[in-house]
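What follows is a single structure, written as structure tokens, with notes after it.
Predicted, not measured: the structure shown is a model, and the values here were computed from it. Every number for a ligand or one of its atoms is a count from 1 in the order of the listing.
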Amino acid sequence: MKDFQSKLNEYAKLCVKVGINIQPGQPLVVHAPIEGVEFVRLIAKNAYEAGASEVYVNWNDEVITRLKYEYAPMEVFENFPKWYADGLEDYAKKGAGFLSISAQDPELLKGIDPKKIAANNKSSSIALKEFRNYTMNDKNTWCVVSIPTKSWAKRVFPNLSEDEAVERLWKAIFDATRMNTEDPIKAWQDHMENLKKKVDYLNSLELKSLHYTSANGTDLVVELPEGHIWAGGGAVDQNGVEFAPNMPTEEVFTMPLKTGVNGVVYSSKPLNYGGKLIDEFKLTFKDGRVVDFDAKVGKDTLADLLNIDEGAKYLGEVALVPFDSPISQSNIIFLNTLFDENASCHFALGKAYPTNIKGGEKMTEEELEAHGVNNSLTHVDFMIGTEDMSIIGETKSGEKIQIFKNGNWNI
Ligand code: ZN
Ligand code: ZN
């Protein structure tokens, strides 16, 4: 058994070497909760040792965030700080890698005025639009990882003590990120190669559409645009550096044809959106647009999400994840999209990754639109995969291929 400290260091190394794949002379920007200071120091050490020119850490704290929502006036949420967005863009222009540590109490903003949350989601989306072009087009390397925080761990394991819950969540995160294997870096390389095989096969099919059905009522046809590209198991930045945008990752994904989604889809896991939960919801699509929706929990929050802009009412990502993925098999609902999306087939509302269509990175917004690529200020994944999910692909020649059967890969 490796002791926890050496394991933590190994995890930091995995994030720096495989997640970001830091290059000599490259700056690294880290977004992290202050509770993660010990881990972030290891990130910095490993990054400098690997040749990073500078490690800049942007700290956040849940208590201060919550106080801000309780006390600050509306205009604070409507006006996202420009200097902050400019700073990130500045680092992006310098070729920085961006490592985000996603660890949030899913109920942090419970009871807060939803208008403040919606205003913040909107103003931050607008202010960070330019910056997000760098990461969403894979110009720069970027990676999202997690560590437990006390508040988050207690939401996932409410029956355990705080310390036990944190320990349990560490174990779950280490399991999900293949840290509990002999050689995690090697395990990741093998895993990414396996995902790439699926990607290559799906790309060879040049599918026209996918038909999703499930006993929960899901019956949805998603058309795929001409020239769509399946991706997964890692990405490559503009300099040819391979990196892993998400750790863990189990998904193989592409973009839908913006106006080609028809039918109804039911959620299969709760969605934590900006500190609020949306659960047991369904969306009805006609020609790509959400024309009806309902939710047992958080219907107002879902409405706010759909109303960010016109593009938020259309899909921007189609992702396939087997029901028998290790994260799904853990039977833990993480209440954190990084994990829950990798335990389940999912879609995203909002902006599509331009890298999911041939030549997309070089297209203008108008050209992307003309190719059926959705654009929006937002991009939010939501989980729809079930144990009995069937997905039938149809090729241009009308041939039908069962891609998913009983929730798992059939190819
Ligand atoms: Zn996804
Ligand atoms: Zn996504």
pair Ser146-Ser102: side-chain heavy atoms closer than 4.5 Å: yes
Residue Asp381 atom name (nearest to the Zn ion (ligand 2); N/O/S): OD1
Ion pair check, Lys129 and Glu365, cut-off under 4.0 Å: yes
His379 near the Zn ion (ligand 2) via N/O/S, less than 2.8 Å: yes
Of the N, O or S atoms in Glu251, the one nearest the Zn ion (ligand 1): OE1
Opening angle between NE2 in His346 and OE2 in Glu317, taken at the Zn ion (ligand 1), to 10 degrees: 100°
Any pair counted as ring-ring contact (aromatic ring centres under 6.0 Å, His included), so long as it reaches residues 83-108, sequence neighbours left out: Tyr56-Tyr91, Phe80-Tyr84, Phe98-Phe131
Of the N, O or S atoms in Glu341, the one nearest the Zn ion (ligand 1): OE1
Full working for salt bridge (Lys or Arg N to Asp or Glu O under 4.0 Å) between Glu70 and Arg66: CA-CA 6 Å; Glu70 281 173 2; Arg66 171 91 201 177; 2.9 Å; yes
SB check Lys208 Glu226 (cutoff 4.0 Å): no
